[in-house]
Amino acid sequence: MRYDHTVYLIKEQDPDPDSTSLDFEGHKTVTKAKANVKRTNINFASGEMYEVTIVRVFGQCDADSIGLDDYDPDDDTTIHKIQKVGRHLMRTDFYIAGSRVTFNAE
């Protein structure tokens with residue numbers, strides 16, 4: 001398996017509860033990683049089909065969201081929310097659900 005894409009694993013850290021600061025925002029840590037990125041369609045039992053992006057990273061990784069090739073730290077629209085995480089022996093799979101696929105029958 002080739003890991004030929006660069007992704008950004010974004011982890012949200014909660015603010016320190018012992019801090020006396022008025023800064024209540026959490027901090028983001030961004031880790032750059034090599035990944036295998038592929039897009040596919042997944043059918044659910046209800047008959048609905050969704051476009052899904054699967055991001056495979058070597059090793060055991062944690063992330064709350066992912067930035068793909070178009071990631072810009074100042075633009076929140078380039079951050080993708082993770083719907084499911086699959087953990088395997090030597091890799092971690094992150095699933096990002098996109099839009100629902102509809103077919104036009106004429």
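In this model, a donor atom of one side chain and an acceptor atom of the other lie less than 3.5 Å apart for Asp93 and His88.
With sequence neighbours left out, Thr77 forms a side chain to side chain donor-acceptor pair (under 3.5 Å) with Asp75. Residues forming a ring-ring contact (aromatic ring centres under 6.0 Å, His included) with Tyr50 (at least two apart in sequence, or on another chain): Phe44.
Because its NZ or CZ atom is not both nearer than 6.0 Å to the ring centre of Tyr8 and within 45° of the ring axis, Lys32 does not count as a cation-pi partner of that residue.
In this structure, Tyr71 and Ile10 have side chains that are in contact, with non-hydrogen atoms separated by less than 4.5 Å. Between His5 and Asp69 there is a side-chain heavy-atom pair separated by less than 4.5 Å. For the pair Phe58 and Lys34, the minimum side-chain heavy-atom distance is 4.5 Å or more. Two residues are said to be in side-chain contact when any heavy atoms from C-beta on lie closer than 4.5 Å; Leu9 and Ile66 meet this criterion. Between Ile54 and Val37, every side-chain heavy-atom pair lies at or beyond the 4.5 Å cut-off. Side-chain contact between Tyr95 and Val85: absent, with no pair of heavy atoms (C-beta onward) separated by less than 4.5 Å. When side chains are defined from C-beta on, Ile96 does not count as touching Val52, because their heavy atoms never get closer than 4.5 Å.
Between the Thr92 side chain and the Arg87 main chain, no donor and acceptor come within less than 3.5 Å of each other. A distance-only check finds a donor-acceptor pair linking the side chain of Thr78 to the backbone of Asp72 [under 3.5 Å]. Remark: the backbone N or O of Lys28 is not paired with any side-chain donor or acceptor of Glu12 at under 3.5 angstrom.
For residues 38-54, every residue pair satisfying the salt bridge (Lys or Arg N to Asp or Glu O under 4.0 Å) rule, not counting sequence neighbours, is listed here: Glu48-Arg100.
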